[in-house]
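Letters go in sequence order (proteins before strands), and every chain restarts at 1.
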Amino acid sequence: MASDSDSDEDFVSYGTPLEPLEEDEPLKKPVPLHEQTVKDEKGRYQRFHGAFTGGFSAGYFNTVGTKEGWAPSTFVSSRQQKAEKHHVRPEDFMDEEDFGEHGIAPKEITTSQEFSSGRRDEIREKARAVNAQAALIPGDTLLEELIAPARLSIGVELLRRMGWKEGQGVGPRVKRKARRQQTDGGSRVYGCVLPPAGSEDSEDQDDDEEFAPEDVTFAPKDETPVDFTPKVGVQGLGYRGLDPGMALLGRGAPEHIDLFRPQSEARSRLFGGAQRGSRRGGVAGQAFGVGAMEDDDDEEVYHRDSMSRYDTVLGGEEPGDGLYGWTAPQQYTKKRDASYLGKILEGFTLAQKPADEKTIFPPPDLPRDYRPVHHFRPSVDVSVLSGVSPALAEALRASRGHMVKEEEPQQGGRHQLDSGRRRTLLGEDALQGGVQGGRQISILINHIDQISIYQISPAGRSAVGGSASCGLQQDALAAWKGVQTSSQTFRPFEKNPSKQARYELYLNRLKQGDKDALEQSLDPAVTEWERSRERDEFVRASILYRPSSSSLSSRFTSARQQEDEDSVEVSRDQEGDVDDKQAAVNMKMFGKLTRETFEWHPDKLLCKRFNIPVPYPGSGVVGLPKVKRDKFSVFNFLTVTESRDSSAPPNPPEPGKRSRWDVSDQKKREEEAKKNDPLSELLSAARNQTETRLEQTSVSEPADFTEQEEEEEEEEEEESRPPMDLFKAIFAGSSDEKSSSSSEGDSNDEEDVKDAGEQPLNLFNVASSSVASSSAVASSSSAVSSSVEEEEEEEEEEFGPKLPPPSAASLSTEKGQFIIKRLS
Amino acid sequence: MAFPEPRPQLPQLPQHLLKTLDCQQGAVRAVRFNADGNYLLSCGSDKSLKLWSASRGTLLKTYSGHGYEVLDADGSYDNSQLCSCSSDKTVILWDVATGQVTRKLRGHAGKVNCVQFNEEATVILSGSIDGTVRCWDTRSRRFEPIQVLDEARDGISSIKVAQHELLTGSVDGRVRRYDLRMGQLHVDFISSPITCVCFSQDGQCTLSSSLDSTVRLLDKSTGEMLGEYKGHKMKGYKLDCCLSSKDTHVLSCSEDGHVYCWDLVEGSLSLKLPVGKAVVQSLSFHPTETCLLTAMEGRVQVWGAEPEETEEDTVAT
């Protein structure tokens with residue numbers, strides 16, 4: 001620090017000043033980097049270690065990086081020099097810079113700000129010293145010089161200059177009288193120590209009556225001195241234990257003068273306050289009630305504070321008589337009209353009877369499986385039944401819904417019940433002979449009998465008769481009787497373990513040839529209709545998944561991984577009905593009807609490349625989420641020739657789907673073929689017929705009876721063999737009618753074949769005249785059409801919209817010739 | 001002093017023929033502007049891909065390496081790379097300057113109809129007749145696609161990328177929009193085979209042309225139809241459609257040798273541009289200016305709003 005003498009003593013300059021610039025001086029060359037060195041006092045070069053790793057001096061005497069840098073002190077055996085203790089102080093690792101004026105441990109004596117005076121103006125101090133000498137009382141400033149206060153904030157200093165004292169409020173001065181009125185409701189105070197109350201208690205509480213001069217004002221006391229009583233003991237905050245000294249002597253151990261504790265006795269004595277009542281002996285505190293030695297019974301021990309200690313008025317008068325607030329005693333509030341007293345209008349009286357309570361009805365209970373979102377996805381609930389093959393589920397549902405969700409059968413709302421089951425619940429009589437479902441089954445059984453699907457089982461045919469389920473039971477019994485293989489190949493009720501257990505019990509009984517196996521294995525706890533439903537399910541399942549004959553099965557070993565083989569991956573969300581969408585498109589109602597939204601998982605790397613966050617972090621799925629669905633399907637059992645994957649995804653291309661991109665071509669072709677070939681006429685006629693029939697079945701009947709009537713119709717038509725449509729209607733539901741065609745390969749060649757495929761497939765090779773003829777027509781026509789196509793398109797098979805013919809080559813050559821001609 | 005705003009100029013249409021490029025590469029299957037509109041790419045049926053200067057009409061480079069006719073091409077945002085797809089089932093990533101094949105991506109089972117870079121040219125997306133869209137990584141040396149989108153049930157005819165969205169049109173009559181950010185797939189059923197799909201410039205609408213000779217403008221978020229444009233003929237060929245650079249007009253190729261241009265809002269036909277006698281196969285609108293490319297047979301024509309008289313005159317004289 002260097003201060004100049006006279007002129008600018010306020011400035012303090014550090015470092016070496018820059019040389020004054022001269023105008024005509026040539027510009028100095030900048031110092032190159034390698035010459036910008038730092039030397040210490042002794043002229044040694046200093047290395048810069050980095051701003052945060054030591055600066056210029058790092059380590060013990062700047063030894064970082066040198067040979068002896070941070071060298072550990074050599075080990076000296078302390079055997080001989082036990083007494084000599086080796087002390088390492090932090091100063092040992094400091095160099096002279098650290099001890100210097102600006103170091104971290106200065107050794108020189110410097111002024112510290114802590115003890116310097118608030119003002120540091122030397123001139124004024126000098127002036128004041130002179131003034132002090134000349135003043136009336138010499139040495140006025142001596143005291144201040146002696147005990148200079150610690151540093152104060154500027155706010156405190158300013159207040160002090162204005163005459164403020166510590167512990168005093170800020171604001172206009174008040175008269176004592178006015179303040180007294182507020183605290184007049186003064187509390188009866190008992191006990192040894194009062195809780196520290198805020199501003200109202202002071203040393204002059206008692207003696208101000210006699211001393212209240214009018215013209216003396218006092219500073220407001222809005223600043224509450226903080227009670228810095230240290231917390232001792234392990235009790236909770238605010239707990240005051242017993243004071244044994246108080247109990248014995250009626251007076252605590254000689255208290256020190258606590259200036260801050262407002263009510264301390266010593267303090268009031270100190271200020272000459274009158275003793276307020278004689279202190280009594282006895283134990284008081286929060287741990288005890290009224291002791292035996294207490295002579296004053298009405299003393300409130302537990303409830304020390306009174307209502308008047310609270311500020312009961314908040315923005316206006318209290319309702320009622322104002323005696324009590326909301327914390328009024330109970331009997332006070334019980335009196336209803338008390339709050340009305342004096343408030344009743346003239347001409348009115350209080351009602352004798354209380355007004356009727358409003359009954360509040362609770363909102364209706366939502367069904368447990370209610371979801372407030374509606375998805376227009378008809379295939380969603382199929383996925384619930386993923387334990388069973390979709391075809392079976394469809395079949396069971398088609399036959400009057402005897403299998404809804406297996407998990408909670410009775411939770412289904414009433415809307416899930418069909419009319420038949422509702423009737424059962426209500427106890428009404430059936431319409432015509434037995435439950436409708438039973439009738440349905442009987443029809444089914446008739447058909448099944450006719451096609452002699454149970455020819456394999458010898459006793460199968462005899463059983464069909466009166467009650468359908470009875471007949472089915474017989475079938476099942478015949479199928480399972482005597483089967484010794486215990487290996488359960490298919491577990492249809494895997495989702496419901498108890499049901500599966502019951503089913504297995506049933507199967508075991510069947511194997512033993514038990515006649516009433518079914519009734520015994522059913523759960524007696526459930527309701528009747530539930531049991532009947534379960535009965536049907538069991539019978540059906542046992543028939544559908546009956547064991548192969550033991551001799552055959554002994555030749556094969558079951559696969560290790562059964563699941564993988566029996567299930568195919570099907571995308572979880574499937575597209576809804578295309579018919580509806582087609583209708584919407586025809587009506588030009590694009591939007592909700594034609595839009596479908598799926599959850600789709602992009603690859604993680606793809607998201608990275610697109611520079612976006614992964615939408616489903618943590619999911620390992622890529623693409624559309626898939627679910628496993630078992631491949632067991634009725635068609636797997638009925639048909640041998642059909643390929644596996646054709647049965648797996650129930651994605652029906654609708655008949656309107658035939659109008660592909662090349663529908664015009666196809667029609668054209670057909671027309672041409674019609675001219676050429678009489679056979680194709682037959683084909684188109686047959687196609688028209690099927691179309692009309694499809695329309696009939698879908699349109700003509702009311703919905704409930706469609707399938708049934710259709711079946712009857714078919715029955716009448718073809719006595720020999722029910723068509724495939726029937727099976728599909730039964731086993732695959734109505735939407736699967738069109739699904740026999742394979743996935744959309746969409747070649748031109750395949751189109752006609754596909755059309756033929758939509759005719760009833762001849763699966764059983766039963767000679768039925770109409771079917772045979774139609775299939776013959778189909779095959780021949782497909783051959784015809786393909787030949788026609790081959791004639792038309794010689795080049796190669798073309799998929800999708802074609803590219804325009806590249807006539808450019810010929811054109812350009814022509815042009816070229818033309819140009820050449822012109823040129824020549 | 002506030003002057004009244006000048007009246008907004010009526011949107012101009014590219015109705016004046018500026019240039020005709022005889023590409024000498026067989027039928028031009030597709031013509032595309034590059035990202036900034038200074039260059040154009042023509043995909044020929046003679047297995048070659050050609051790069052032209054759009055302003056001068058000169059041939060800059062020929063890229064050969066495909067095994068069959070080139071069906072679509074796209075340029076990266078920085079003009080350093082090209083991608084093209086072909087009937088030979090491959091997608092090729094080209095280096096623009098050297099004309100070398102940077103990568104040849106095999107994996108499609110059929111001819112590849114459409115190809116597109118994403119915004120940062122880190123992914124090539126190609127749609128094929130085999131019904132899959134394959135996402136190829138241009139950054140790594142992997143030869144397998146990052147992801148195969150096989151949701152379509154028929155061939156993919158068109159694909160477009162905008163930021164984090166992927167729009168595909170398929171012959172199964174559906175427009176699929178893959179939202180990578182939301183992880184959702186939106187399927188819009190159009191019922192007629194889709195030949196071309198486009199995003200609007202503002203990214204709020206999708207345009208799809210289908211084989212029922214209709215171009216439809218759909219709202220992207222809801223799938224509702226905002227406009228329907230008819231009058232052209234698109235029955236059997238895979239032809240392009242597009243939006244003008246300021247989303248004012250909808251343009252579509254037609255089999256009757258015209259380019260139809262509709263007002264987007266009113267849906268009225270505002271221009272019927274006679275291109276030639278054959279089928280207008282492909283068209284591409286300049287990203288910023290009023291400039292249109294059309295491809296018919298072996299020629300590419302450049303159309304502009306103002307007749308370019310000077311060059312025409314010099315050529316004539």
Subject >> Contacting region of A:F610 [heavy-atom separation from chain B under 4.5 Å] >> reply: both
**OP:** Identify, with sequence neighbours excluded, every residue that meets side-chain contact (heavy atoms from CB on, under 4.5 Å) alongside A:K588.
**Re:** B:M225, B:E228, B:K230
Original post:
Is the backbone N or O of B:L149 less than 3.5 Å from a side-chain atom of B:T132, with the two atoms forming a donor-acceptor pair by type?
Top reply: no
Subject >> Test item: B:Q147 side-chain N/O and A:H601 main-chain N/O as donor-acceptor pair under 3.5 Å >> reply: yes
Original post:
Is any residue of residues 157-166 of chain B within less than 4.5 Å of chain A by heavy atoms, and which ones?
Top reply: B:V161, B:Q163, B:H164
Subject >> Under 4.5 Å from a heavy atom of chain A, the part of B:D179 involved >> reply: backbone
Subject >> Engaged part of B:L226 at the chain A interface, taking heavy atoms whose separation is under 4.5 Å >> reply: neither
**OP:** Can you tell which part of B:D219 gets under 4.5 Å to a heavy atom of chain A, answering side chain, backbone, both or neither?
**Re:** backbone
Original post:
Quick one: does B:L207's side chain get under 4.5 Å of B:C241's, heavy atoms only?
Top reply: yes
**OP:** Taking B:S170 for its side chain and B:I156 for its backbone only, find out whether a donor-acceptor pair lies under 3.5 Å.
**Re:** no
Original post:
Quick check: are there more than 12 heavy atoms from other residues, nucleotides or ligands sitting under 6.0 Å from NZ of B:K220?
Top reply: yes
Subject >> Residue A:V585 versus chain B: region with a heavy atom under 4.5 Å >> reply: side chain
Original post:
Residues in side-chain contact (heavy atoms from CB on, under 4.5 Å) with B:S84, at least two apart?
Top reply: B:L49, B:H66, B:V70, B:A73, B:I92, B:W94
**OP:** Could you give me the CA-CA distance, side-chain angles and deciding distance for B:R134 and B:S128, then say whether side-chain hydrogen bond (donor to acceptor under 3.5 Å, both in side chains) is met?
**Re:** CA-CA 8 Å; B:R134 278 165 205 258; B:S128 161; over 6 Å; no
Could you give the side-chain donor-acceptor pairs of residues 183-190 of chain B under 3.5 Å, partners two or more places apart or in another chain?
residue	atom	partner	partner atom	Å
B:H186	ND1	A:T597	OG1	3.0
B:D188	OD1	A:R595	NE	2.9
B:D188	OD1	A:R595	NH2	3.4
B:D188	OD2	A:R595	NH2	2.7

Subject >> Residue selection (most heavy-atom pairs with chain A, distance under 4.5 Å) from B:E119, B:R139, B:Q25, B:E255 >> reply: B:R139
Subject >> When B:L180, B:T122, B:V279 are compared by non-hydrogen pairs under 4.5 Å with chain A, the top option >> reply: B:L180
Original post:
Between B:D46 and B:K50, is there a side-chain N and carboxylate O pair less than 4.0 Å apart?
Top reply: no
Original post:
Which answer fits B:S282, side chain, backbone, both or neither, if we ask what part of it has an atom under 4.5 Å from a heavy atom of chain A?
Top reply: neither
